[in-house]
Each structure stands twice: as C-alpha cells, then as structure tokens.
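Step one of this worksheet: look at the structure below.
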Amino acid sequence: MSVKKVPGGQMNRDRYAELRRILEERRREILSAVHDKIRDVRTEGANSTTHGVLDAAETSEADIQDEIEFALIQMKAETLTKIEEALRRLEEGTFGYCFECGEEISERRLRALPFAVRCKDCEEAREVAQQRERLLQRRGSASLFLDMQG
Ligand SMILES: [Zn+2]
C-alpha cells in the first residue's frame, strides 16, 4: 500500500477543519474552567488559614462544597477524555459519522452535541423505539398487577 493515510480519511477538508475546531474550542473552554476552579480553591485555602480554625458547621459546609467542586472537576475531566477520544477518531476518519447508518452527522448537531454518535434521524428513531419499549414495559407491569389482584 503506497497510499498514505490522510488525517480525516475520506472526509472533506473543510468539514475536518470545522469539526476539529469545534472539539478544540470545547477542550479549551473546559481547561480554562478547570484552571479557574483550581485557582479559586487555592485562594479559598489561603484565606481559611488566615482566618484561623473553622467551627464544625463551617467545616462540614466547606467539605460539601469541596465535594461538589471535586465532582464538577471530575465531570470536566471525563468530558476532556471524551474530547481526546473524539479528536483521535477524527484523525482516524471515523468521527462525525452516524453509528447506525454511516451518514455524516451535521455540523450543527455536532456543535450542540460534540459526542453524538448518531445522526438526527437515527437518534429520533431510537428515541421512539425506546419510548415504545418503556410503554410496553409499563403495560406489562400493569397487567401483572391486575393479574395479582384477580
Ligand atoms: Zn443515521
């Protein structure tokens, strides 16, 4: 094989550049948000030592706050991992294509949902199928309930 694999594979160069831009912008947003948070935590930490020892209520409140902050940072870290994966898939030429039908997922959709793996049509079809399934399950449990009464 003498053909060199181009980034983005068969993908149109403009689309490749646009998708890359969307992902990298998202990554930058998250990184700066995380850096801000870390800086906030550090500043607060410095303040609390100058104010002396916190009483128990304040401490537990601070603990809860810390836990929330930590959960948020962890969530962002997970999103970052997803972005890294998406960028890798973009290089491989598999990002931005519908998992179900293989059609290109629209840029508009990817801008709103960068990790969408299905096109709008397939996602809607899937939601309808899931709703139907839920309805059937509900009906199933309802009839079971009636059986038990009878
Ligand atoms: Zn599709």
Side-chain angles (χ1 to χ4, degrees), residues 5 7-9 11-12 14-146 148:
K5 203 174 178 297
M11 198 184 282
N12 169 316
D14 286 349
R15 181 173 153 87
Y16 171 80
E18 181 62 22
L19 294 185
R20 197 179 170 90
R21 206 176 61 79
I22 291 170
L23 289 171
E24 284 179 344
E25 237 167 56
R26 191 59 66 101
R27 179 167 61 178
R28 212 164 29 237
E29 274 171 25
I30 292 171
L31 280 175
S32 73
V34 170
H35 286 163
D36 282 354
K37 275 268 161 284
I38 291 169
R39 205 178 45 217
D40 284 355
V41 171
R42 276 193 194 140
T43 325
E44 278 165 26
N47 284 344
S48 67
T49 49
T50 53
H51 287 305
V53 186
L54 297 169
D55 68 39
E58 269 178 311
T59 309
S60 69
E61 228 168 84
D63 281 351
I64 291 165
Q65 193 61 32
D66 279 355
E67 271 168 39
I68 294 169
E69 301 279 336
F70 182 73
L72 281 175
I73 288 175
Q74 202 171 28
M75 227 166 63
K76 288 194 194 302
E78 277 165 23
T79 310
L80 271 182
T81 310
K82 279 188 185 174
I83 291 175
E84 297 296 340
E85 265 169 34
L87 280 166
R88 202 169 53 232
R89 278 171 53 217
L90 184 66
E91 292 300 323
E92 287 169 357
T94 57
F95 177 78
Y97 293 94
C98 176
F99 182 73
E100 303 278 351
C101 68
E103 288 291 316
E104 281 188 0
I105 301 170
S106 73
E107 279 177 25
R108 216 175 125 236
R109 181 168 166 76
L110 286 171
R111 207 185 298 271
L113 303 159
F115 313 120
V117 293
R118 288 175 187 81
C119 71
K120 196 164 167 284
D121 289 348
C122 289
E123 189 63 53
E124 277 172 8
R126 189 168 161 266
E127 275 165 23
V128 169
Q130 279 182 335
Q131 263 167 18
R132 198 176 300 151
E133 207 169 293
R134 267 200 296 272
L135 215 65
L136 281 173
Q137 279 174 352
R138 208 175 300 156
R139 208 172 291 160
S141 56
S143 70
L144 190 75
F145 182 65
L146 284 176
M148 274 159 59

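FYI, side chains are in, hydrogens and waters are out, and symmetry mates aren't considered; it's all heavy atoms of this structure. One-based numbering along the sequence shown.
- Under the side-chain contact (heavy atoms from CB on, under 4.5 Å) criterion, Phe70 pairs with Gln74, not counting sequence neighbours.
- The salt bridge (Lys or Arg N to Asp or Glu O under 4.0 Å) test applied to Glu85 returns no partner, not counting sequence neighbours.
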Do any side-chain atoms of residues 121-134 form donor-acceptor pairs under 3.5 angstrom with protein atoms, and if so which ones, sequence neighbours left out?
residue	atom	partner	partner atom	Å
Glu123	OE2	Arg126	NH1	3.2
Glu124	OE2	Lys120	NZ	3.2

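- Of all non-hydrogen atoms in Ala33 and Lys76, the two that sit nearest each other are CB-CE, 3.9 Å.
- Once rounded to the nearest 0.5 Å, the distance linking CG of Leu80 with CD1 of Ile73 reads 11.5 Å.
- Atoms CG and CZ, on Leu110 and Arg26 in that order, are 10.5 Å from each other to the nearest 0.5 Å.
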Check residues 17-24 and write down every donor-acceptor pair under 3.5 Å in which the side-chain atom is one partner and the other belongs to a residue at least two apart or another chain.
residue	atom	partner	partner atom	Å
Glu18	OE2	Arg21	NH2	3.2
Glu18	OE2	Arg111	NH1	3.2
Glu18	OE2	Arg111	NH2	3.1
Arg20	NE	Glu24	OE2	3.1
Arg20	NH1	Tyr16	OH	3.4
Arg20	NH1	Glu91	OE2	2.5
Arg20	NH2	Glu24	OE2	3.1
Arg21	NH1	Glu25	OE2	2.7

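- Summarising the local packing, CZ of Phe99 is surrounded by 12 or fewer heavy atoms from other residues, nucleotides or ligands at distances under 6.0 Å.
- Considering only residues two or more places apart in sequence or on other chains, Glu61 meets the salt bridge (Lys or Arg N to Asp or Glu O under 4.0 Å) condition with none of them.
- The salt bridge (Lys or Arg N to Asp or Glu O under 4.0 Å) check on Glu29 picks up nothing, with sequence neighbours excluded.
- Remark: Glu100 CD to Cys119 SG distance equals 8.5 Å, nearest 0.5 Å.
- Atoms CD and CG, on Glu69 and Leu72 in that order, are 6.5 Å from each other to the nearest 0.5 Å.
- The CD1 atom of Ile83 lies 12.5 Å from the CG atom of Leu90; values are rounded to the nearest 0.5 Å.
- Looking at Glu103 and Tyr97, their side chains never come closer than 4.5 Å, going by heavy atoms from C-beta outward.
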